[in-house]
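Below is one structure, written out as structure tokens; comments come after it.
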Amino acid sequence: MQQLEKRYIKAKQRLFDKIYEAKLNRQQCEAVFTVKGPLLVLAGAGSGKTTVLVNRIAYLIKYGNAYYSDVISEELSEETVSALEEAVNLSEEEINQILPSFICDTCMPYNILAITFTNKAANEIKERIEKTFSDDNLSVSSVNAGTFHSICMRILRKFYDRLGYAPSMSIYDTDDKKRLISVCMKELGIDEKNLPARSVCNEISIAKDKLIGCDEYSKPTDPREERIRSIYKLYEKKLREYNAVDFDDIIMKTVKLLSENEDVLKYYQNKFKYILVDEYQDTNYAQFELVNMLAGGTKNIMVVGDDDQSIYAFRGATVENILGFDKTYPDAKVIKLEQNYRSTENILNAANALIHNNTDRHEKTLWSDKGEGEKINLKEVDDQFCEGKYIIEKISHGVRVDGRKYSDFAVLYRVNEMSRSLETAFAKSGIPYKILGSMRFYDRKEIKDIVSYLTLLVSPTDNLRLKRIINEPKRKIGASTVEAIEQLAEENGTSMYEIISRADKYTILAKSKDKLCDFCNMMESIKASATLPSELLNAIFIKTGYYDMLKAEGFEGEGKISNIKEFISAAIEYEKRCEISGSEITLVGFLEEISLVSDVDKYDGEADSVVLMTIHSAKGLEFPVVFLAGMEDGIFPSVQNLFDPAAMSEERRLAYVAITRAKEKLYITHSKQRTMYGKTERNPLSVFIKEIPDNLFSHESERKIPPRQKSDYQTRPVRQVREKVSDEFTRSPEISTANRGRRGAADYGITKFSVGQRVLHSSFGEGVVLSAKDLGGDVLYEVKFNTGVTKKLMATFAKLKPVRG
DNA sequence: GGGCGTACACTTTTT
DNA sequence: GTGTACGCCC
């Protein structure tokens with residue numbers, strides 16, 4: 001007993017030390033300690049939200065843990081009060097006032113549910129908690145931290161039978177979903193010309209986000225909606241048959257499970273005694289319902305968010321969830337965190353000025369004591385290539401002169417498409433860089449094919465995935481055979497795989513039964529050959545003939561092979577991680593991970609490279625130096641949204657998010673002209689920049705603010721800008737020799753090749769130059785590659801390298 | 001059944 | 001500009 005008490009006191013002291021160390025301000029402390037009842041924390045950008053979440057969880061564990069509970073009485077001890085006084089700087093009176101909400105019931109780590117927006121954020125919380133408790137013999141790894149999707153998947157898999165699913169259910173991404181919708185539409189005889197599958201996908205997503213099932217969907221008066229309804233119905237039927245769920249289902253089916261099964265709901269309400277939801281402004285209706293159901297028991301729910309950072313309305317998120325939290329929970333306590341610990345004043349003032357132009361928001365103003373800091377740098381460049389070169393110039397200057405690391409820099413943009421031109425510049429510069437999100441690793445065709453094989457091993461009823469790979473690599477199983485199999489499966493009420501395994505029983509399949517049999521035997525032998533995901537992957541890669549197929553493709557196949565090898569290493573890493581954490585290695589687990597993990601989750605801030613990503617991906621991250629590229633009307637804000645006030649508000653919030661990612665220095669670039677999607681356009685400076693006061697920009701900036709209503713960029717003087725950029729290094733790329741990066745950065749220009757010379761292309765491989773045509777600044781080459789194909793390539797794009805010998 | 005060519009769509013943001 | 005879809009021909 002005495003021993004326990006000693007440990008308790010020691011642990012408590014250490015906790016307060018930690019909090020003291022974390023230098024929490026008063027509002028943050030209140031947010032940490034107010035654990036009982038509903039709590040809304042309005043946390044501005046960079047206001048130490050994660051710190052609050054971590055310390056709150058730590059507090060819950062320390063004070064609610066049964067391990068110490070023998071010595072926890074109804075009230076906090078005198079000692080606790082004095083420790084609080086010291087750490088939080090509250091008066092005794094204040095403490096007594098709020099004391100009741102500080103005391104929590106028994107709480108084991110697994111009683112805590114923390115829902116975050118990304119896996120990265122969840123992992124960060126887990127890691128920081130584990131660090132806090134590293135000295136205590138307390139298993140804190142059982143804290144439930146994850147994204148909505150990962151947490152719901154865990155629930156669905158546990159109670160799969162209640163939903164009529166098999167436990168190995170697969171998760172369909174946007175691409176799978178679209179394919180399946182197309183299949184449904186074809187089956188129903190609905191022409192995609194009049195009703196694109198894409199918009200059907202969207203409509204169904206919107207419905208699911210609102211928890212509208214196919215039976216409740218729309219009144220049958222509108223013919224368009226009626227058609228969507230029938231597609232939705234068939235789509236649902238197929239999903240179930242294929243043992244698959246789409247992203248929206250993950251939430252909707254969980255809500256359905258909880259609302260239809262009292263015992264399951266009670267189980268989770270009892271389990272999750274304390275719930276914390278991060279980025280609450282980005283939750284949609286289904287998620288709102290889910291959280292409310294789970295919190296329905298104890299109502300110990302804390303939500304954290306910032307209405308100014310709501311940027312997912314397009315995905316069904318409603319700010320009303322956060323703005324109306326006090327309506328859902330009338331006794332909710334509200335705490336505002338307004339001190340920003342991230343950015344300097346100039347950056348913060350710019351963000352504040354910008355966001356004040358939104359009328360539909362809760363008034364709040366972030367402040368910082370970090371001092372004015374450097375001014376914002378605004379630069380106009382000639383085109384997107386100059387933009388890349390300008391950014392590279394600034395980065396390499398920062399590294400060489402200011403002693404910064406490459407990882408101090410981030411380049412943010414509105415659309416993924418922007419990464420193309422930027423990548424060209426970075427690739428030439430030799431600066432280490434990483435692009436997140438443009439083409440997700442798991443979206444690559446070869447990876448999706450291999451994943452389909454893998455899925456089929458655990459979920460053989462998945463006809464969609466089966467159809468994807470039945471003839472990839474080619475096995476002479478053509479469309480008509482596949483159709484016949486599909487027909488038979490339909491008639492017999494079974495899966496296509498089942499039909500294939502009994503192919504010899506059906507006369508229609510007589511012609512192809514040998515090939516089908518081979519396919520089936522191959523799958524079975526793969527299944528029997530290994531258990532570990534990495535081994536299975538390897539077996540699939542070799543035994544299906546996929547490797548041979550890629551090998552035969554030549555140069556292009558090489559890249560795909562290395563992608564698949566990378567995929568296999570990812571599986572090995574997954575296995576290692578499981579071993580460390582003691583969790584079971586399963587194929588289903590691995591498949592789930594690759595479906596729910598995003599590029600940003602894997603982004604490693606430790607690696608020393610510049611990172612390029614969309615602003616959406618950058619949410620929640622921070623960088624010493626941020627480049628905001630493509631600040632032009634039509635790009636950011638996006639053309640689609642220019643005339644829609646609500647959408648413009650969201651765009652502005654997105655700009656706000658972008659600016660507040662920067663800690664010390666913000667560069668903004670815009671280009672006189674820009675070629676995107678094959679079209680060249682001239683866009684004026686973004687309206688958002690015009691909303692930022694002049695004095696926040698450095699003298700180096702070339703901002704000539706035209707009158708707001710007269711946004712004609714052509715009348716603006718641009719000469720100085722031009723000279724500034726081009727004098728340095730961009731005017732004539734081919735003669736630039738300045739050494740900018742460290743590794744081969746001199747390679748800015750276009751190397752000239754002569755007819756007959758051998759060259760190397762990154763995707764086509766080796767070839768020989770047939771002709772070279774000068775096109776004023778660029779050169780058009782005609783190259784015959786070893787593969788036999790002849791291509792016309794622009795020198796600037798092709799990045800050709802000379803081949804010696 | 002497969003391969004090749006051409007037409008055409010598609011480009012906001014993502015778990 | 002690029003990737004996919006479909007149709008035509010072998």
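Every chain is numbered from 1 and lettered A, B, ... according to where its sequence line falls, protein lines coming before strand lines. Below, all heavy atoms of this structure are taken into account, side chains as well, without hydrogens, waters or symmetry copies.
Which of B:dT13, B:dG2, B:dT15 sits closest to the side chain of A:Asn471 comes down to B:dG2. Side-chain atoms of A:Phe247 lie closest to B:dT15 of the nucleotides C:dT2, B:dT15, B:dG2. Residue A:Arg420 has its side chain nearest to C:dT2 when only B:dT13, B:dG1, C:dT2 are considered. Among B:dT13, C:dC6, B:dT15, the nucleotide with an atom closest to any side-chain atom of A:Lys186 is C:dC6.
Applying the side-chain contact (heavy atoms from CB on, under 4.5 Å) test to A:Thr675 and every residue at least two apart in sequence or in another chain returns A:Gln384, A:Thr680.
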>> Would A:Tyr413 and A:Phe636 count as a ring-ring contact (aromatic ring centres under 6.0 Å, His included) here? Give the steps.
In response: CA-CA 8 Å; A:Tyr413 35 80; A:Phe636 191 10; over 10 Å; no

>> Working note: A:Arg682 + A:Glu632, criterion salt bridge (charged side-chain N to carboxylate O under 4.0 Å, His left out); need CA distance, chi angles, decisive distance, verdict.
In response: CA-CA 9 Å; A:Arg682 299 174 75 84; A:Glu632 296 142 39; over 6 Å; no

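Remark: C1' of B:dT13 and CG of A:Asp282 are 11 Å apart, rounded to the nearest angstrom. As rounded to whole Å, 16 Å separates atom P of B:dT15 from atom CG of A:Asp175.
The side chain of A:Thr481 contributes an N or O atom lying less than 4.0 Å from OP1 or OP2 of B:dG1.
Looking at A:Asp462 and A:Tyr172, their side chains do bring a donor and an acceptor atom within 3.5 Å of each other. A side-chain N or O of A:Glu192 and one of A:Ser182 form a donor-acceptor pair less than 3.5 Å apart.
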Would you mind writing out the side-chain donor-acceptor pairs for residues 308-317 of chain A within the sub-3.5 Å range, not counting sequence neighbours?
unit_1   : atom_1 : unit_2   : atom_2 : d
A:Asp308 : OD1    : A:Arg361 : NE     : 2.8
A:Asp308 : OD2    : A:Arg361 : NE     : 3.3
A:Asp308 : OD2    : A:Arg361 : NH2    : 2.8
A:Asp308 : OD2    : A:Lys364 : NZ     : 3.2
A:Gln309 : OE1    : A:Arg661 : NH2    : 3.3
A:Gln309 : NE2    : A:Asp306 : OD2    : 2.9

Identify all pairs in which a protein N or O lies below 3.5 Å from an N or O of nucleotides 9-11 of chain B, and state each distance.
unit_1 : atom_1 : unit_2   : atom_2 : d
B:dT11 : OP2    : A:Arg198 : NE     : 2.7
B:dT11 : OP2    : A:Arg198 : NH1    : 2.6
B:dT11 : OP2    : A:Arg198 : NH2    : 3.1

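Both thresholds, 5.5 Å between centres and 30° between ring planes, are met by A:Phe314 relative to the base of B:dT13, so the two rings are stacked.
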